[in-house]
Amino acid sequence: METIQSILASRLAAAAGDTGGIAVTVQSAQDTRFGDYQSNIAMQLAKPRRANPRQLAMEIIAKLQVDDLCETPEIAGAGFINFRLKPAAVIAHFTALAADDHLGVPSVPQRRIVIDFSSPNVAKPMHVGHIRSTVLGDALARIARFLGHDVITDNHIGDWGTQFGMLLVAWKTILNKDALDRDPIGELERIYKAQNELCKTDPRQLDAARGELVKLQDGNEENDAIWKEMRRLSQVQFDEIYSRLGIHFDRTYGESFYRYMLRDVVNELYHSGTARESDGALCVFSDDSLPERDDPFLIKDENGWKPAPAIVRKADGASNYTTTDLATLKLRVGFLPRTTDKPCTTDEFFRPDEIIYVTDGRQQLHFRQLFAIWRRWQPESTAKLSHVWFGSIMGEDGKPFKTRSGDTVKLGELLDEAEERAFTTVTEKSPEMPEAERREVARIVGIGAVKYADLLPNRQSDYVFSWDKMLSFQGNTAPYLQYSYVRIRSIFRKGGIDPASVRPAAGAEHSTANNAATLAEPGELSLAKKLAQFGEVVPMILDDHRPNLLCNYLYELAGAFHSFFESCPVLKAVESARSTRLLLCDTTARVLAKGLDLLGIGVPERM
RNA sequence: GUCCCCGUAGUUCAACGGAUAGAACGCUGGUUUCCUAAACCGGUGAUGUGGGUUCGAUUCCCGCCGGGGACACCA
């Protein structure tokens, strides 16, 4: 269904006439005293038309047909056009929304999107550094799917590279089998660190590592078996974490999947002239097509601009991650199979319109170079390439988030602590609840709190990790939103009412006359208006890949609900008002649950 | 050094170039014979600095100050 915002925008566009390419936009008003929606179009058009903005606004309003939706639009300030919705229009929209499976979120033209996120490394524990990519990528995938896009999520795990030389040497010499059985990842981490130390002092150890790496790459059976075992053990860990987080990947190809493509990629880059040799390495240099300061292959020092090439084949002949990323890109753009369980024909390849990489901001230069190389190498490719980057998680001391002893925080342990802290609170607040249920509630609340804390800040901001803040029931947190949902569920339990029974039948927007609803109370009206904005907020998120917009919306919705609930009795209300209020409650609960679900966060029925 | 990001209330975070910069915590005043007070309703208090573009700048451009990050064979 269409949003009120888009209806107003198209009516306004019709009244404004030729805007010379200026988009006619309507936004929800920041302050209710300006009405519900506002547009700046008169001010934007005033200059090119050499008109007085307020005069122009008056002319636009004179042609504008919106009396089915709002009161006569008002002109304010320098030329703002303000819209105030008629209660009848709010009721009609709210009723249609309540009958809509998509809760008023419009369908958009379908695009095919690959989302590459999480990307943990084999033989290493997942740690706090993986949270943002994992949580953000999953939320974007869920939101894109809800909007109707065709999405493939791909976990590009680090399962290939020079570190396996050292791991293989260590596996053969210092591995403790018992320790490996007890704690596989811990033992792999231990032997890697130990071997790394040995290599620092003993050049023969480095040679040994190189030797084992070459054998692995040449297909040596023993090394291949060890590598596969390390991969398997790591995947067990990944699966456990992803299961706790409720995250699913359509693909987990990993870097090793592309290793047979690397030679061809390098050859193509060389023969197409994209890359050339320098100091024994094969490099991509600037092609001077961009202004110097925008060129990802240039860097300036005191003597002027100098080359900052991207290396696609090291002097020793090995490839690096740029090469792997190019191979990955080539497969994803042209030959990514739609399904993994059967061979597919040409028209079953995925061929994405967009590929989204979710990584931290430190990789910006890498992706700028990667995308630039791709454009030069494959100029006919039209796929949109997006690097969705994010800031760091800091400790309360303002430095990168670490344990007290200065180690990286392991993701599994972090989730344990979140659940444990949530369990303590739930036990405190609801001691009568059976322990099994308290555990389950603590799981939903604890995991939700961690995810929400991560999604709430603008993704490009660094943020401070605070257990107390994220698990608080006050303020913009997951527990507060979950509590809002629970409180609504409690109303229906108390009244012995099936929520489905208060919902209008599908298509109810055509028969609003049958609905005796009135939204006489200010709390009712503002809640209904806030519900109508769900469909306006969700599509905006993908424009800049910013799920925090949804967090802020849900928080405002919960606030609107609590205000309504404070001033409007539900179960004790007289009929007509009672059923309208029950529907407001139910719809709020559905939007809260759906909104949280889009962020990858669950809701308990009680807490 | 060059490039990227950041600098907003005591603190932690918001704000498609729009109106009187919005929350939470903190501090502070109030609300419960009533559907979960894990709540609600008030008060307090901020755009680092100097220019520029614009009808309008936290937002865009330039300088300065302060913080973080990236910059040839790690990913």
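Residue numbers begin at 1 in each chain, while the letters A, B, ... track the order of the sequences. FYI, side chains are in, hydrogens and waters are out, and symmetry mates aren't considered; it's all heavy atoms of this structure.
Residues passing the side chain to side chain donor-acceptor pair (under 3.5 Å) test with A:Ser39, sequence neighbours excluded: none. Remark: A:Arg581 engages A:Glu524 in a salt bridge (charged side-chain N to carboxylate O under 4.0 Å, His left out) (not counting sequence neighbours). A:Lys529 is linked by a salt bridge (charged side-chain N to carboxylate O under 4.0 Å, His left out) to A:Asp36, counting only residues two or more places apart in sequence or in another chain. Under the ring pair (Phe, Tyr, Trp, His ring centres under 6.0 Å) criterion, A:Phe473 pairs with no residue, sequence neighbours left out. Residues passing the ring pair (Phe, Tyr, Trp, His ring centres under 6.0 Å) test with A:Phe390: none are found, sequence neighbours excluded.
The closest donor-acceptor contact from the side chain of A:Ser234 to the backbone of A:Val122 lies at 3.5 Å or more, if one exists at all.
Sequence neighbours left out, the pairs with a member in residues 274-288 of chain A that pass salt bridge (charged side-chain N to carboxylate O under 4.0 Å, His left out) are A:Asp287-A:Arg376.
Nearest to the side chain of A:Thr162, among B:C40, B:A14, B:C74, sits B:C74. You'll find that the side chain of A:Gln44 is closest to B:G18, out of B:G18, B:C25, B:A15.
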Dot-bracket pairing map - RNA chain B, Watson-Crick plus G-U, both contacts under 3.5 Å, | cross-strand: (((((((..((((....[...))))((((((.......))))))...(((((..]....))))))))))))....

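The closest side-chain donor-acceptor pair between A:Thr427 and A:Arg438 falls under 3.5 angstrom.
When rounded to the nearest whole Å, the span between OH of A:Tyr555 and P of B:A23 equals 9 Å. A:Tyr192 places its OH atom 10 Å from the P atom of B:A75, with the value rounded to the nearest Å. Atom CZ of A:Phe473 and atom P of B:A24 are 17 Å apart (whole Å). Counting to the nearest Å, the C1' atom of B:C71 and the CZ atom of A:Arg362 are 14 Å from each other.
A heavy atom closer than 4.0 Å to some atom of RNA chain B occurs in A:Arg33, A:Phe34, A:Gln38, A:Asn40, these being the qualifying members of residues 32-40 of chain A. Within a heavy-atom distance below 4.0 Å of RNA chain B, the residues of residues 386-402 of chain A found are A:Trp389.
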Could you run down the sub-3.5 Å N/O contacts of the protein with nucleotides 29-36 of chain B?
residue	atom	partner	partner atom	Å
B:C34	O2'	A:Lys572	NZ	2.7
B:C35	O2	A:Leu571	N	3.2
B:C35	N3	A:Val570	N	3.1
B:C35	N4	A:Phe565	O	3.1
B:C35	N4	A:Cys568	O	3.1
B:U36	OP1	A:Ser490	OG	2.2
B:U36	OP2	A:Ser490	OG	3.0
B:U36	O2'	A:Tyr483	OH	2.3
B:U36	O2'	A:Arg487	NE	3.4
B:U36	N3	A:Met607	O	3.3
B:U36	O4	A:Met607	N	3.2

Provide a list of protein-nucleic acid N or O atom pairs under 3.5 angstrom, restricted to nucleotides 6-9 of chain B.
none

Identify each donor-acceptor pair in which a side-chain atom of residues 440-455 of chain A lies under 3.5 Å from a protein atom, sequence neighbours left out, and give them as a table.
residue	atom	partner	partner atom	Å
A:Glu440	OE1	A:Arg443	NE	3.2
A:Glu440	OE2	A:Arg443	NH2	3.1
A:Lys451	NZ	A:Leu245	O	2.6
A:Lys451	NZ	A:Gly600	O	2.6
A:Tyr452	OH	A:Asn476	OD1	2.6
A:Tyr452	OH	A:Cys551	O	3.0
A:Asp454	OD1	A:Tyr463	OH	2.6

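The same atom, C1', is picked in B:G52 and in B:A57; the two are 11 Å apart, to the nearest Å.
Contact check on A:Glu189 versus A:Lys193 returns a salt bridge, with a Lys/Arg side-chain nitrogen under 4.0 Å from an Asp/Glu carboxylate oxygen.
By the criterion of a centre-to-centre distance under 5.5 Å and near-parallel planes under 30°, the ring of A:Phe80 forms no stack with the base of B:G18.
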